[in-house]
Amino acid sequence: MTIVDTLARAISEAFGELGVKIAPEEIKLERPARLEHGDLSSNVALVLSKRIGAAPRELAAQLVAALEGRTIVHVEGIEIAGPGFVNFRLANSWLHDVLKQVVTEGEEGYATPNLGGGERVQVEFVSANPTGPLHVGNGWLGSYGDALSRLLRRCGWQVSTEYYVNDTGNQIRMLGESVLARRSGSEVPEQGYQGEYVTDLAVRYQGPEDVVTAGKFAAEEILGVIRTTLDRLGIVYDEWYSQASIEESGRVDEAIAMMRDRRLVYELDDATWLRSTELGDVRDRVLVKANGDATYLAGDIAYHRDKFLVRGFDRVIDVFGADHHGQVASLEAGVEALGIDRTRLEVKLGQLVSLVSGRMSKRSGNYVRLDELIDQIGPDATRLMSLMSSIDQASTLDLDAVTSKSMDNPVFYVQYAYARISSIGRVCEERGVVRAPLADAPLQLLVHPRELDLLRTLYSLPDVVREAARERAPFKVTNFVRALAGEFHGFYHDHRVLGDEVSTAETQARLWLVEATRIGLSIGLALLGVSAPESM
RNA sequence: GCGCUCGUAGCUCAAUUGGAUAGAGCAUCUGACUACGGAUCAGAAGGUUGGGGAUUCGAAUUCCUCCGAGCGCACCA
């Protein structure tokens, strides 16, 4: 039972004595922004005042009076503040218990809220067309999708990651045309791919003068490059799913037949249409063109049928760039047309990344390649940069600032904290200092603000993980890791763990504090897919 | 024109989902090492949350309305 549960129950019981019914689950206890407002705060009096029509402060006063009659573990003082907040001041022993919990549960056990309950969820992300190397924006969403998958796994979901390979259709033909044009030394078509990589591919292509063959060759080669890039970032997929395989297996026809059975398909002007207007889309969509080819949408619907009905995922999360948001309504309509509850499909739209430097202003086809960024700042920095803010926020990358000044990148700050911790461990070994069992550690010696701040932040980790998973917002873990690293640097600066000026008892208590911090950093960094180096 | 996503310090971003005096980093200025790793720490300065209305004990957050930005509105993928 956590301190929050204990308090919520006590408040609920106190209100019960006053003749007011409120369940412990309804009572919110939050950590106030300011320390002077206590360690935990509840707005229950404000919320209840609306319900029962009493003045908030009056209600709060009655609550406090009722609470003061009883003793609650760790609670040192209760105050009413502002419009009617009830603030609880807790004894340090509260935080010492947090330390115990962190080190007892460890990296595997601490902050593992079970939200998913074993539900099978698929996360699809990047899925960039194999017509060119990945750019920085792909890296952003790649880091996002990967970190989100790690988060969901930690929170009790059974996660499968997937890359949807668009290895068919016009784009591949155009790619083949571009390769053949380069090989014969003629002009690449207007709509073709102009990048230098096409020339390299043309040199290596030995096959016949056929756009499809050349296109497939090129796509496979490029996909290999894409895999290598993602690999450098530590992004690993469980599945690479071919669009061509969907079309070739007849699954598109099956999907259309299913929708037809549900009377949501009709013929008009030699084409086959989905009645998507009835399912929330702004217009009906073509599934099969007049020339007999299936549209991309038809393939996409068949693909999602495969996800839900063939492979049996309970939930699917698609991570798209915001430039694809035009597809969302029709895809959702398609999923519903298959009789699948549309709330099982979550589409996360990542706002696009733009560049502040002049690099984008160069001629078309000249974007910043993800490999280039990784070359310059390394995989860890690339990932952390990507995971610094919400994907709902359009972000701007200042490539010059990021690459020239390492201070502009917080990854070093965080990793340095971890390296310092590891360094303490090495010095312990040199000096023969051994950390005694937790039960013997005099944790009550941890009383300085720096020490308590560390523990407060560690206390928040389970909530951070829960929120980040629920909101699909891994950047919250980044914020946590930065805060924890910052507090560690402050602690490290002000207090020594080892040395003549600290007692052996203090050393023991602080060694455990350091270990708890290490666990917190380790959990956070692992969720982000950023390495935790023992030295730098 | 219609729709979606947004607009917070000079810059990059937060803000416990309606809570208390809107916070961090970078950049700027000032200060701190005979030390377990200074890739660190402390302080200063920086704001009419794009503008204006509405809702209530309370709004950056919800609702209108302007202004501005990005993206999307195919029998392309």
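Every chain is numbered from 1, with letters handed out A, B, ... down the list of sequences. As the structure is a computational prediction, the values presented were derived from the model and not from experiment.
Checked by atom type and distance alone, the side chain of Gln508(A) pairs as donor or acceptor with a backbone atom of Ala436(A) at under 3.5 Å. At distances below 3.5 Å, not a single donor-acceptor pair connects side-chain atoms of Glu220(A) with backbone N or O atoms of Phe217(A).
You'll find the ring centres of Trp240(A) and Tyr164(A) outside the 6.0 Å limit. Checked against a 6.0 Å centroid threshold, the rings of Tyr303(A) and Tyr241(A) count as neighbours.
The distance between atom CG of Asn291(A) and atom P of A74(B), rounded to the nearest whole Å, is 18 Å. One interatomic measurement links the two molecules: OH of Tyr413(A) to C1' of A24(B), which rounds to 10 Å at whole-angstrom precision. Distance His325(A) NE2 to A74(B) P: 12 Å, rounded to the nearest Å. We find that CE of Met385(A) is positioned 16 Å from P of G25(B), with the value rounded to whole Å. Computed from coordinates, the Phe475(A) CZ to U12(B) C1' distance equals 14 Å when rounded to whole Å. Atom CG of Asp494(A) and atom C1' of G38(B) are 14 Å apart (whole Å).
Residue Arg450(A) has a polar side-chain atom (N or O) positioned under 4.0 Å from OP1 or OP2 of A42(B). Under 4.0 angstrom from either OP1 or OP2 of C36(B) there lies no side-chain N or O belonging to Arg510(A). Checking the phosphate oxygens (OP1, OP2) of A77(B), no side-chain nitrogen or oxygen of Tyr296(A) falls inside 4.0 Å. For C75(B), the OP1/OP2 oxygens have a side-chain nitrogen or oxygen of Arg283(A) closer than 4.0 Å. Remark: Gln393(A) is in phosphate contact with G7(B), judged by side-chain N or O atoms under 4.0 Å from OP1 or OP2. The phosphate of C13(B) (OP1 or OP2) has no side-chain N or O of Arg482(A) nearer than 4.0 angstrom. For A15(B), the OP1/OP2 oxygens have a side-chain nitrogen or oxygen of Lys476(A) closer than 4.0 Å.
In this structure, Trp273(A) and Phe491(A) both approach RNA chain B, and ranking their closest nucleotides by distance from the 5' end singles out Phe491(A). Checking Lys28(A) against Tyr492(A), the closest nucleotide of RNA chain B that is more toward the 5' end is the one next to Lys28(A).
Taking atom C1' on both U5(B) and C41(B), the two are 40 Å apart, rounded to the nearest angstrom. Straight-line distance between the C1' atoms of U49(B) and A22(B): roughly 8 Å, to the nearest whole Å.
Within the 4.5 Å cutoff, the side chain of Val188(A) has no heavy atoms near those of the Tyr193(A) side chain.
For the side-chain contact (heavy atoms from CB on, under 4.5 Å) test with Val44(A), the passing option among Leu59(A), Ile11(A), Val20(A) is Ile11(A); the others fail.
Residue-to-nucleotide contacts include no donor-acceptor pair under 3.5 Å from the side chain of Asp500(A) to the base of A35(B). If you check distances only, the side chain of Gln243(A) never reaches the base of A77(B) with a donor-acceptor pair under 3.5 Å. Put simply, the side chain of Arg34(A) and the base of U21(B) share a donor and an acceptor less than 3.5 Å apart. Within 3.5 Å, a donor on the side chain of Ser41(A) pairs with an acceptor on the base of A20(B), or the reverse.
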With both pairing distances under 3.5 angstrom for Watson-Crick or G-U wobble, and | for a partner in another strand, the correct string for RNA chain B is (((((((..((((.....[...)))).(((((.......))))).....(((((..]....))))))))))))....
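The nucleotide whose nearest atom lies closest to any side-chain atom of Tyr416(A) is, among C75(B), G37(B), U21(B), G37(B).
Annotation: cation-pi pair Arg435(A)/Trp512(A) present, NZ/CZ under 6.0 Å from the ring centroid and within 45° of its normal.
In terms of heavy atoms, Leu279(A) sits closest to Ala337(A) at CD1-CB, 3.7 Å.
Using a 4.0 Å heavy-atom cutoff across all strands shown, Asn43(A) reaches at least one base atom of the nucleic acid.
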